[in-house]
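Convention: sequence-line order gives letters A, B, ...; per-chain numbering from 1. Worth saying up front: this structure is predicted, and the values here are computed from it rather than measured.
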Amino acid sequence: MRRRQAIWVSMLLPVTLAVSQAQAPSADEVARRVDARDTGRDSRLEMTMRLFDRQGRVRERALVVQAMRAQGREGDRMLVRFQSPTDIRGTGFLVWEHPDADDERFLYLPALGRVRRIAGAETQESFVGSDLTYEDIGGRELDHYTYTLVQGPSAWTGPDGQSHPVWHLESRARAADAAYPRVVSVVRQDILMIVAADIFNRRNEREKSYEVRALRQFDGIWTATGLSMVNHGQRTRTELTVTTARYNLGLTAAAFTRRALETP
Amino acid sequence: MVWHPHRLAHAIFRWRLPLSGLIIAAALALATQADVVTINNDLSAWVARDTREYQTYERFIEEFGGTRNVIVALEGEIFSVDGLQGVDAITRAIVQIPLVQQVYSLSTANIVRPLPAREDDAGVIEVTPLLGDDVTDPGAVARIRREALSDPLLRGDLVSQDGRVTAIVVVFDERRIDEARGDTVTAVEDAVRRRLPPGFKAHFNGSLEISETYNRVTVANTRQLTLPILGVTLLALYVLFRSVRTMLLIATAIGVSVALTMGLYAVLGFQFNVLTSMLMPLIVVLAIADDVHIVQHFTEVWRQTGDAAEAFVSSIVHLFAPLIGASATTALGLLSLATSDVVAVKTFGIGAAIGVMFDVLVSLVLVPTLMMWMPPPVAAPPQDFWFREPLARAGRVAFGRWRIVLMATVLVAMVAVAGLLRVRVDTNHINFFPSEHPITTSARVIDRDLSGIYTFDVLLEGPAESMRQPDTLQRMARLSGQLHELPNVRKVTSLADYVQRVHQQLADGAPEAAVIPDSPEAVAQELFVFGLSDEGRSELARMAASDYSRARISVKLASMSSDVVFAQIDRAEQLARTAFDGTDLRTEVTGSGRIFATLDHYMVDSQLSSFATAFVTVFAVIFLIFRSIRFGLLGIVANILPIVIVMGVMGWLGISLNIATIMVASVTLGIVDDDTIHFISRYRREAETGADTAEAVERATTHEGRAALTTAIINTVGFGLLAFSPYRPTAWFGGLLALTMAVAFLTEVLLVPAVIAALPRWLSAPVVAMRLRSS
């Protein structure tokens, strides 16, 4: 069975406070602990996505993201609904993850009034046209990477100015054709959250940089409420700001059907 | 101020050693700075950054990325397992090369694919890679072939209609590519050759490949031809002067001139490119002409008087004014290029003007100083006894039968003018190479089977969101259609094509649905769908700004003359203006095709306008030197004719006026005005000493014609070797240079005496002598 490791953005799959570590664990252990976090059964986040192009021009989109943890043989579910701008208001995007098969993605365009399946299940593909990937949002396969702890500053200074001990975890993709074969993540030891990362392309050039700019607890769960992903190659940037987050709402599968997608 | 040639000559004689030492020291110091092997043909070497074209292009590449590319055309059984795997492997390898920004191939191409509806939804659209995961399955190969050949955005662009040729288009980081262009282009070529499937052929072209080929050819020419030219030139010098010392002396003087010019050129921060690589031949040609005059005069006087000091002073007294005058006219003509918008033309003009003046300095100071250390001449050199009598006879014939000479000249001039009218201003870079050269064969393949090697773009700019309004998209689609009608246009792509494609696929691929929807929301949502995937997002970013304030219409063309491209660009600009008339959108044609076509056009234009300046200058300088409007006019006639004849021959031989051949005209002007000024100077000197017109003409022809013929022979045999270059402009340069030399010489020994004979009231020796005495 596939297990997704919410390894770094950890926004849709938030984390609970972790037990502090008495001894330095191995890289695999760090990866496993991050993967094993309790991230809530379901969630509903309202957010603003700001997309900066290479000229510095910004487009803003408001969206609501609902997610539900895997239930039995079903995989995770995610429904994204765009609230603004006006011309794409109501556009919806539904993802069904399948543990043993390719994910399914559905799209609802109000102008057409019909649901369409969208093919393509690459986890390293762009998430709704942003600099983030599905993998960044939904987590990554633990077994698809090998891990090493690498040297780096021992502390990370958070947005509040406080310093926190961190590990530097290098993940290398096992697949030879991964678009981003190497990621070096900064993992906060106290909450097991990835707060920064450098993502390298096939030429081993730093292609993207991820950074958490604000953290806040909702319903006892730490959530990155401000983050940015910079694409150095394309000279673009995406910033996400979470305005509201709620967890364990009791969402059911009915909230993630194609019919639900058609009902803005 | 009164002109005192004797005083100046004595001053130079007195200070000859420190002055010569200074010249040699400067040459040695500057020689270390000269670098003629590093060629820079990047955009900044050609286009001034403050021009409108460059600024638009900057804006364009900032928005859409670079347009200079390498096009790899693969010829073979593309739609086979080997073929597709090869394309995929090559694409993946090229992506790994530093500075590669984007690779477009069947491996990176996306298709929008509709799949049938299921019972619980309205079906699937896919914006998905064409190749997919598995190309080893023959079924998948058949599917890929079908989809690629039925996609109008791929067919004829990335893959030929018959599926036998495919393109891999490599685009680079425009801002950094010129730092490592040679290595990067070589790396792309290696990546292709190493992974080429069996039975496949690879062809390389595109604007960067052409530039790089230019660089390679320029460096190869310099390396392969410099030594042979030097060797043959030295041999010719030896044969004509039968003296190793004289040969080495002139060679040293040429070397000093070249070192001074090339060194100072580099110190001024100028860079070498295809155009300025002509600088060295120009300096060598003019240096030989000046030095031969000095050596010939010095040797003659020394032999007659037995006094080297007197020979030194006499050489300066008699040759200072004509040498300075001839050089000044050439230098001023070249300096007029400094006003050009084309950076390479500007630097060539300044560099060449400096070089010409260095030449004359070296000839007037260093050459006679070195001559002082030569053993006294005991016998006349071959160039004296071989040429003296035939030239005297030529002078007598031209003077005596001036009507025949003038009639023949008019006849030749008429034929030449007819040829001149056939000369086309045309820089087709592909035609610069032989038909079997790889760059030519690749252009043939890409022009025939794919969308051509040249491109330009229509840049549309307006308020945010304006580009995705249905009205704008419909205008774009109409303009695309009109642009497609222009000759040689192979492919036109715009944002409208993407909207139509998505709209059609959302309607299950119905052909009638390939239209722009009327609703702005529908357009917005369809573009939103397209941009959901990485591939779609990347493609959209190449066609429109993220806020839809800018868009491009990309036009691909078969290779052709830059002037035809220039005319098409002009037409495209008119069409674009009309298409968006009444809207708040601005249109401008840009892209590397526009830049280079404009460049070629401006380059030829600026050279042509420099001739106008040069003719005025020649007249002005001759007037200043001789204080005579009559001789000024004679100089003009003698200067125009060779240029008309050389260009007439170009017209009849079908050689276009292009960035390479235009340089021949500069050299022509330099040589011809040199010969004329020397002739007139000598003629007036002889007239002043009491010779009658026939005697003065004969002596001028004998002495100055000898120097001209010697110079012509040396340069013709030396630079004649250029005719063996596989690069046509270089070969043309060699051939036309030889022709120029011959025509300049014939003008001097035949036409000028005939004109003098035809106008005795104005130009006869007694009249000239009387005027000289009275002034």
Side-chain angles (χ1 to χ4, degrees), chain A residues 51-61 80 82 85-91 93-94 102 104-122 124-131 133-134 176-177 179 201-205 231 233-236 257-259 261-262, chain B residues 59 62-65 88 92 95-102 110 113-115 117-118 120-129 132-133 173 464-465 468 503 505-507 517 519-538 540-541 545-550:
Chain A
L51 303 160
F52 294 83
D53 69 8
R54 58 166 60 199
Q55 315 277 342
R57 291 174 302 223
V58 61
R59 283 165 299 145
E60 198 166 296
R61 290 170 181 171
V80 181
F82 288 87
T86 318
D87 52 14
I88 59 166
R89 184 185 173 87
T91 298
F93 191 62
L94 176 65
D102 281 346
E104 284 185 278
R105 297 173 191 170
F106 302 90
L107 179 77
Y108 173 73
L109 299 177
L112 288 171
R114 286 193 297 179
V115 170
R116 285 275 175 178
R117 267 179 288 140
I118 299 284
E122 294 295 324
Q124 292 194 332
E125 263 197 8
S126 162
F127 172 71
V128 294
S130 71
D131 291 300
T133 62
Y134 287 99
D177 61 348
N201 64 18
R202 288 177 193 160
R203 292 199 291 239
N204 201 28
E205 297 161 340
N231 186 321
Q234 301 288 333
R235 290 191 285 143
T236 55
T257 61
R258 279 165 288 193
R259 183 174 298 278
L261 177 63
E262 283 182 72
Chain B
R59 240 173 29 248
E62 181 62 28
E63 186 69 70
F64 300 112
D88 195 40
R92 285 169 191 271
V95 168
Q96 302 286 334
I97 296 169
L99 300 183
V100 167
Q101 194 175 59
Q102 199 78 251
N110 301 297
R113 182 191 294 152
L115 292 178
R118 295 195 307 211
D120 56 349
D121 67 38
V124 177
I125 63 158
E126 285 184 309
V127 180
T128 185
D133 292 334
D173 182 341
E465 309 302 335
R468 65 177 183 193
H503 192 70
Q505 302 305 358
L506 285 171
S519 145
E521 286 76 20
V523 172
Q525 288 167 27
E526 286 171 4
L527 286 171
F528 176 75
V529 174
F530 195 83
L532 281 177
S533 67
D534 280 339
E535 291 83 5
R537 185 185 177 208
S538 160
L540 272 188
S546 66
D547 66 348
Y548 294 97
S549 62
R550 286 182 184 148

Which one of B/Gln96, B/Gln101, B/Arg92 has the most heavy-atom pairs closer than 4.5 Å to chain A?
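That would be B/Gln96.
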Between A/Arg61 and A/Val128, which heavy-atom pair has the shortest distance, and what is it?
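Taking A/Arg61 first and A/Val128 second, the nearest heavy atoms are NH1-O, 3.2 Å.
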Please report the shortest heavy-atom distance between A/Arg258 and A/Phe106, naming the atom on each side.
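Here A/Arg258 and A/Phe106 meet closest at CD-CE2, 3.5 Å.
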Does B/Arg537 come within less than 4.0 Å of A/Asp131, counting only side-chain N to carboxylate O?
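The answer is yes: the pair qualifies as a salt bridge.
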Interchain contact, [X] with chain A, by part (heavy-atom threshold 4.5 Å):
| X | result |
| --- | --- |
| B/Ala545 | both |
| B/Ser546 | both |
| B/Glu63 | both |

Under 4.5 Å from a heavy atom of chain B, the part of [X] involved:
| X | result |
| --- | --- |
| A/Thr86 | neither |
| A/Pro110 | both |
| A/Arg202 | both |
| A/Arg259 | neither |

So B/Gln525 and A/Asp87, side chain to side chain contact (heavy atoms under 4.5 Å, CB included) or not? Walk me through it.
CA-CA 7 Å; B/Gln525 288 167 27; A/Asp87 52 14; 5.8 Å; no
Using a cut-off of under 4.5 Å for heavy-atom pairs, which of A/Arg57, A/Arg59, A/Gln234, A/Arg89 has the most such pairs with chain B?
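Winner by heavy-atom pair count: A/Arg57.
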So, do A/Tyr108 and A/Phe93 have ring centers that fall under 6.0 Å from each other?
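Here the rings of A/Phe93 and A/Tyr108 have centres that are no less than 6.0 Å from each other.
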B/Val100 side chain reached by A/Arg203 side chain, heavy atoms, under 4.5 Å
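Yes; the side chains approach each other to less than 4.5 Å.
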